[in-house]
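Structure first, commentary second.
In what follows, every chain begins at residue 1, and chains take the letters A, B, ... in the order their sequences are listed.
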Number of protein chains: 2
Amino acid sequence: MRRRSRKPVTAPRKLPVQARSARLVADILEAAVRVLEREGAQRFTTIRVAETAGVSVGSLYQYFPNKQSILYRLQVEEWEQTGATIDAILGDTTQPPQQRLRTMIRAFFHSECEEAPLRNALDAATPDYHAAPESRAKRERGRHVVRRFLAAAAPRATPRQRAHGAELVFMTMTSVGKQLSERRPTKAEVNRVADAIASMLTWYLAQLGG
Amino acid sequence: MRRRSRKPVTAPRKLPVQARSARLVADILEAAVRVLEREGAQRFTTIRVAETAGVSVGSLYQYFPNKQSILYRLQVEEWEQTGATIDAILGDTTQPPQQRLRTMIRAFFHSECEEAPLRNALDAATPDYHAAPESRAKRERGRHVVRRFLAAAAPRATPRQRAHGAELVFMTMTSVGKQLSERRPTKAEVNRVADAIASMLTWYLAQLGG
DNA sequence: CTAGGATACGAATAATTATTCGCGTTTGGT
DNA sequence: ACCAAACGCGAATAATTATTCGTATCCTAG
């Protein structure tokens, strides 16, 4: 299956310099998404990705040191995108905090549900991604954004309380969003659950010192 | 890797009739748990399980039709145990509903965290377990228990509201519990999160018609 | 005590997979 | 037009794995 390799899985073997290789890398990443969505984590193989992309395995391995690196790259891109969305909504100071929280959770849940097959397969294919420093850094940044939001949402809380509150908001949001996405819910269901979660968290933050 | 087989993965190939084979089956299940805990889902192989159990692969395949059936059996046993605990706590009418909810969530979270390596590996090793009818039945029973509890916790809510409430309680509890367990938290952290979640859910149920 | 079913064994089988490597092709600068 | 580097290829390699099956051993009923 796998040869032993302790090299960092994220370091590319070679960087694309000509236009054709840049397109090749893009094609591979796009194909990887399609393979994950259509075949699932179990059937995510380098040969299948290469075939789907219309290139050969050898070409794939010229720009990705191993299979994991493709998956890691997709994970990073996923989180960067949703992270930016969260950041934008929570930082929109033209809205009152509770409105921001509700809007953000709705957006997050819908995003999770729309890309459910991809995200679930991606999570299943990268069982140790959470331990990776990249993942920890991304989530730390997410928690930081939420913590800054809490300065507005719970101004009278102590820093310690705010840290706990941010952790709770972040954890509840991400975990419920993930589980909800596994059920393939309707839009109405998503909104219902999102609003319930947002209401509970709003109440919690008010208790904390809103 | 795997030969095609469309037979139900849960049907045992043969039932143990003599004492030694009954012990063999027990040894295999016990070894499977240890392999999952110590090696993880990725390294869960039939040979490793057989070796750990001190038996041969051939013997293993005499009582389990395939690798999946071992994992499915462990999943079923896991959920039966925690399901019974939830049932007992929520049904204890000597306590007020909000107290029951808090106790149950604490117990559930601690149970999840204590067995985190096993549960996480088990989930990773059975990516399609949630689609299996056995799993759906177990969770349906769990939701039913929560729904019955809501009759006491939110007596003035409509049946529809109670159904939604039960879904929310169940989903929040299981998803947050799972995510929490992945962080290897201290007991104090577990209690803090459990109490926060319990408080939020209690407030939500009160809004619903407590 | 003994035969026949139950049990246990583990090397062999067959399939799958990640990754490599040598060779032919294309590209872009001069 | 030419050449060196970049690129692309895919059969070959090596490792791993689930599962089978022929054979040897054990247990128990009669």
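When rounded to the nearest whole Å, the span between CD1 of A:I47 and P of C:dT19 equals 11 Å. Between the CZ atom of A:F64 and the P atom of C:dT17 there is a distance of 20 Å, rounded to whole Å. Between the P atom of D:dC9 and the CD atom of A:E51 lies a distance of 12 Å, rounded to the nearest Å. One atom, CG of A:D27, and another, C1' of D:dG8, lie 13 Å apart when rounded to the nearest Å. Rounded to whole Å, the distance from CD1 on A:I28 to P on D:dG8 is 9 Å. Atom CZ in A:R48 sits about 9 Å away from atom P in C:dT16, given to the nearest Å. Look at CG on A:L60: it is 12 Å from C1' on D:dG8, rounded to the nearest Å. Rounded to an integer number of Å, the gap from A:K67 NZ to D:dA15 P is 18 Å.
Inspection of the A:T126 and A:Q75 side chains reveals an N or O donor paired with an N or O acceptor under 3.5 Å. Looking at A:T174 and B:Q179, their side chains do bring a donor and an acceptor atom within 3.5 Å of each other.
Checked for salt-bridge contact, B:R119 and B:E112 meet the test: a charged N lies under 4.0 Å from a carboxylate O.
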Exercise. Reading nucleotides 1-9 of chain C from the 5' end, what letters show protein touch, with B for base, S for backbone sugar-phosphate only, - for no heavy atom under 4.0 Å?
Worked result: -----BBBB

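Residue B:Y61 places no side-chain N or O under 4.0 Å from the OP1 or OP2 atom of D:dT20.
In plain terms, the two heavy atoms of B:P16 and B:A22 that are nearest each other are CB-N, 3.7 Å.
A distance of 13.5 Å separates NZ of A:K178 from SG of A:C113, quoted to the nearest 0.5 Å. Here the straight-line distance linking atom CG of B:N120 with atom CG of B:L36 works out to 10.5 Å at 0.5 Å rounding.
Residue B:R43 is out of contact with every strand shown, counting any heavy-atom pair closer than 4.0 Å.
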